[in-house]
Amino acid sequence: QKKYLKENIYFYRSELTEQMRRQLSIEKDMKSSISTNDFFLVYQPQINTETEKISGMEVLTRWKHPKLGFIPPPEFIAAAERTGQLQYLTEKIIEAGINQLISWRNKYSYQGTIAFNVPSSLLKISEFQNFLICSKEDNQIPDHVIEVEITEDMDLVESVEINSYLQQLRKKGFIIAIDDFGTGYSKINYLTKFPFDKIKIDKCFIDEIGSSLKGEAVLKAVISLGRSLGLTVVAEGVETQLQKLFLHEAACELIQGYFYDPPQTVENMTVKLAQGGEY
Ligand code: C2E
Ligand code: CA
Ligand code: CA
Ligand code: CA
């Protein structure tokens, strides 16, 4: 028994150090990777259920570490936060995404939206607020094109400053979307207290389609609640034909998910836009 115990402890220790070593290299290598091709953006289309055309896209970030391979975004976002690089990273992502948008608008008359994931902790930083507003104005991006996706966390829910900044962003022509709707600290009445334009219904609600009648009823109710508040409703993580048909039937305006496309490289997205963005 003693021997087992020892082995357990040994095993545990080596796991721990390996995890720590990984974390350290992630933290150490991030800064230099951000300005190389190791970091890149991918774009996932949001399709209008009525027209089956691209209505917008979400920017997601990929980091291919030279030794560790692909690092999952939540892992490198957390590392960026720990090391004080989250603002820098986010600004780089937005800058690159807007440059890409400009090129697509010019070459293929892309008229849709582009959504960025913005951690709510950054929304309180006035330097970041200015960055966001200048990115739109300096590049003469029209209103209702750039979208800010935020998740409802404690920061968001409790902060009066964030609320008033979101109001300001809307006045400046940004679209405000609430991400992972239904999973966070949301209470239904936040929908009236916060200035949102769009809700993204989390995948876990979509997964109920075809498997739970109650789940389906809740989903339908959330969609019609969103619509009756005048919000654009997006379903996330749509993977099957059945889900797509259900959502179309339930008058969910936009769909994002593997059913249409996983996040696309610039090259692939460019091909789709060149073909007119039809699905
Ligand atoms: P999210 O914002 O909720 O993004 C949706 C995630 O679901 C993405 O994972 C996307 O690839 C994945 N997804 C899309 N359609 C489907 C589907 O049909 N089925 C399934 N199973 N998954 C689908 P990804 O890219 O790994 O990102 C994970 C999370 O990391 C994101 O969740 C977001 O919170 C964060 N993230 C990703 N990129 C960024 C970024 O540039 N900035 C920030 N702050 N966070 C990011
Ligand atoms: Ca998102
Ligand atoms: Ca989401
Ligand atoms: Ca998520």
Side-chain angles (χ1 to χ4, degrees), residues 26 30 33-34 38-47 54 56-64 69-83 85-98 100-101 113-123 125 128 131-132 135 146-153 155-156 175-184 186 196-210 222 232-244 246-247 252 254-266 268-269 279:
I26 288 175
M30 183 175 297
S33 276
I34 290 177
D38 292 348
F39 259 96
F40 58 96
L41 308 188
V42 288
Y43 303 83
Q44 189 175 32
Q46 295 177 346
I47 312 297
I54 293 185
M57 55 177 89
E58 176 179 3
V59 172
L60 295 153
T61 304
R62 297 290 175 260
W63 180 16
K64 191 168 190 218
F70 280 104
I71 315 285
E75 190 176 356
F76 67 70
I77 296 293
E81 183 130 54
R82 282 198 302 277
T83 57
Q85 299 179 86
L86 188 57
Q87 184 182 347
Y88 175 71
L89 175 62
T90 307
E91 291 184 0
K92 283 284 176 192
I93 293 166
I94 294 174
E95 197 177 280
I98 288 183
Q100 188 55 56
L101 172 79
T113 57
I114 188 164
F116 296 99
N117 290 286
V118 175
S120 57
S121 60
L122 296 183
L123 290 173
I125 301 172
F128 180 78
F131 164 84
L132 210 50
S135 306
I146 304 176
E147 193 170 308
V148 172
E149 281 191 18
I150 43 181
T151 44
E152 336 150 67
D153 53 23
D155 263 5
L156 177 66
I175 301 167
I176 311 296
I178 180 158
D179 204 353
D180 303 338
F181 183 75
T183 63
S186 61
F196 299 121
D197 302 288
K198 196 163 173 177
I199 52 171
K200 301 191 72 181
I201 303 181
D202 194 77
K203 184 179 191 308
C204 65
F205 290 90
I206 311 309
D207 290 339
E208 301 284 346
I209 298 169
V222 171
T232 304
V233 180
V234 191
E236 280 198 285
V238 177
E239 295 180 343
T240 68
Q241 173 84 8
L242 178 74
Q243 292 171 342
K244 184 213 128 178
F246 180 97
L247 290 160
C252 177
L254 301 177
I255 279 181
Q256 182 180 343
Y258 296 168
F259 176 72
Y260 284 114
D261 260 331
Q264 301 289 303
T265 60
V266 175
N268 287 345
M269 195 54 147
Y279 276 79

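In listed order, ligands and their atoms are each counted from 1. In this text, all values refer to a predicted model and were calculated from it rather than measured experimentally.
If you look at the Ca ion (ligand 2), the protein N, O or S atoms less than 3.0 Å from it are Glu58 OE2, Asn117 OD1, Glu149 OE1, Asp179 OD2.
Where the criterion is an N or O separation shorter than 3.5 Å, residue side chain and backbone included, Thr61 meets it with respect to ligand 1. For ligand 1, the polar-atom distance check finds no N/O of Lys203 at less than 3.5 Å from any of the ligand's N/O atoms. Between Gln44 and ligand 1, at least one N/O pair is under 3.5 Å apart.
Residues Ile94 and Phe128 have side chains in contact (heavy-atom distance under 4.5 Å, counting atoms from C-beta outward). Between Thr61 and Trp63, every side-chain heavy-atom pair lies at or beyond the 4.5 Å cut-off.
Residue-ligand proximity, Ile77 to ligand 1, at heavy-atom distances under 4.0 Å covers atoms 42 (N), 43 (C), 44 (N), 45 (N). With ligand atoms numbered from 1 in the order given, ligand 1 contributes 41 (O) to contacts under 4.0 Å with heavy atoms of Ile93. Heavy-atom contacts of Pro119 reach the following atoms of ligand 1: 44 (N) (cutoff under 4.0 Å). Taking every heavy atom of Gly257 and a limit of under 4.0 angstrom, the matching atoms of ligand 1 come to 15 (N), 18 (O). Counting the atoms of ligand 1 from 1 in the order shown, those under 4.0 Å from a heavy atom of Pro263 are 11 (O). Residue-ligand proximity, Asp180 to ligand 1, at heavy-atom distances under 4.0 Å covers atoms 3 (O). The atoms of ligand 1 that sit less than 4.0 Å from any heavy atom of Glu58 are 2 (O), 4 (O). Every atom of ligand 1 with a heavy atom of Asn117 under 4.0 Å away is listed here by number and element: 2 (O), 42 (N), 43 (C), 44 (N), 45 (N).
Between atom CD of residue Gln241 and atom CZ of residue Phe246 there is a gap of 14.5 Å, rounded to the nearest 0.5 Å. For the atom pair Thr113 OG1 and Lys198 NZ, the distance stands at 4.0 Å (nearest 0.5 Å).
For the ligand labelled ligand 1, residue Pro72 lies outside the 4.0 Å heavy-atom shell. For Arg62, the closest heavy-atom approach to ligand 1 falls below 4.0 Å. Heavy atoms of Lys200 stay at 4.0 angstrom or farther from ligand 1.
Proximity of Thr90 to ligand 1, defined as any heavy-atom pair under 4.0 Å, is not found for any part of the residue.
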Do any side-chain atoms of residues 75-82 form donor-acceptor pairs under 3.5 angstrom with protein atoms, and if so which ones, sequence neighbours left out?
unit_1: Glu75; atom_1: OE1; unit_2: Arg22; atom_2: NH2; d: 2.8
unit_1: Glu75; atom_1: OE2; unit_2: Arg22; atom_2: NE; d: 2.7
unit_1: Glu75; atom_1: OE2; unit_2: Arg22; atom_2: NH2; d: 3.4
unit_1: Glu81; atom_1: OE2; unit_2: Ser121; atom_2: OG; d: 3.4
unit_1: Arg82; atom_1: NE; unit_2: Glu27; atom_2: OE2; d: 2.7
unit_1: Arg82; atom_1: NH2; unit_2: Glu27; atom_2: OE2; d: 3.0

